[in-house]
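Here's the structure, in C-alpha cells; my notes come after.
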Amino acid sequence: MSTHLIAILNGPNLNLLGTREPTLYGAATLGDVESLCAETAEALGLAIDFRQTNSEGELISWVQECRDRASGVIINPAGYGHTSIALMDALLTLECPVIEVHLTNIHRREPFRRHSYTSEAALGMICGLGPRGYALALQALADILAEEETDGEETP
Ligand code: CA2
C-alpha cells in the first residue's frame with residue numbers, strides 16, 4: 001500500500017500570518033502551520049505537499065494537478081472562498097475528499113465572509129480553531145482514507 005499524498009493549499013495573504021493582525025489570526029506563521037501539518041502527517045502515515053499562493057490562477061492549476069496525484073485536499077482558500085466560482089469549479093472536478101479550513105470563525109465576522117463558494121465542493125469545513133484546524137483535517141482524511149481501504153477489501 002503506497003503512502004497517501006495530501007495537498008494542503010493556502011490562498012492569498014496567508015503568507016502574512018504571524019506578521020500582521022495577531023489578535024485576529026494569531027502569532028503562528030505559515031511556516032509554523034506547515035511544521036504542525038508535517039508532524040501530524042508523519043504520525044498519521046500521510047505525505048503532504050504544503051503550498052501557498054496569492055494568485056487565483058495558480059491556486060486553480062494546483063487544484064487541477066490534484067486530480068492525478070492527491071488522495072485528499074485541504075484548502076484554506078482565504079478570500080477566494082468568498083468570491084471565486086472558478087476555484088469552486090476546479091474543486092468540483094476532484095474525486096478525492098476535500099476539506100476546507102479557515103483559521104477564524106467566518107460566521108462570527110463580517111457578513112460577506114459567511115458565504116463560501118468553495119465549501120460547495122468540500123466534504124466538510126473546519127473554521128475558527130486556528131492552525132489546529134489543519135491538524136484536525138489531516139486526522140479526518142486519515143480516517144476517511146482508512147475507511148475507504150477497508151470498504152474496498154474483498155471478503156473471503
Ligand atoms: O480565517 C481564515 O483562515 C481566512 O481564510 C483568512 C482570510 C480571510 O479572507 C477569510 O475570510 C478567512 C484572510 C487571510 C489573510 O491572512 C492574513 C494574515 C495575517 C495578516 C493579514 C492577513
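Throughout, numbering of the chain's residues begins at 1 and tracks the sequence. Indexing begins at 1, ligand by ligand and atom by atom, following the structure's order.
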### Query
Side chain, backbone, both or neither: which part of Arg20 comes within less than 4.0 Å of ligand 1 when only heavy atoms are counted?
both

### Query
To which protein heavy atom is atom 13 (C) of ligand 1 closest, and what is the distance rounded to 0.1 Å?
Tyr25 OH, 3.3 Å

#### Entry: Sub-3.5 Å N/O-N/O distance, Thr104 and ligand 1
yes

### Task
Could you tell me whether the side chain of His102 reaches within less than 4.5 Å of the side chain of Pro77, counting heavy atoms only?
yes

### Task
With atom 17 (C) of ligand 1 as the reference point, say which of Asn13, Asn10, Asn76 has the nearest heavy atom.
Asn13

### Query
Could you give all pairs that pass the ring pair (Phe, Tyr, Trp, His ring centres under 6.0 Å) test and reach residues 18-66, with sequence neighbours left out?
none

### Query
N/O of His82 under 3.5 Å from N/O of ligand 1, yes or no?
yes

### Message
Check this for me - ligand 1, His102, N or O atoms closer than 3.5 angstrom, yes or no?
### Response
yes

### Query
Got a salt bridge between Arg51 and Glu34, using NZ or NE/NH1/NH2 to carboxylate O under 4.0 Å?
no

### Query
Would you say Leu103 has any N or O atom under 3.5 Å from an N or O of ligand 1, going by distance alone?
yes

### Shortest protein heavy-atom distance from atom 8 (C) of ligand 1, along with the residue and atom involved
Arg113 NH1, 3.3 Å

#### Entry: Validation row: Leu17, Leu103 side chains within 4.5 angstrom (heavy atoms)
yes

### Query
Which heavy atom in Ser71 sits nearest to a heavy atom in Pro97, and how many Å separate them?
O-CD, 3.4 Å

### Query
Considering only heavy atoms of Glu21, which atoms of ligand 1 have at least one such atom less than 4.0 Å away?
21 (C)

### Message
Can you confirm whether Val63 sits close enough to Ile60 that some side-chain heavy atom of one is under 4.5 Å from a side-chain heavy atom of the other?
### Response
no

### Task
Could you pull out all residues at least two apart from Arg69 that satisfy side chain to side chain donor-acceptor pair (under 3.5 Å)?
Asp49

## Note on the structure
For Gly79, the atoms of ligand 1 under 4.0 Å from one of its heavy atoms are 9 (O)

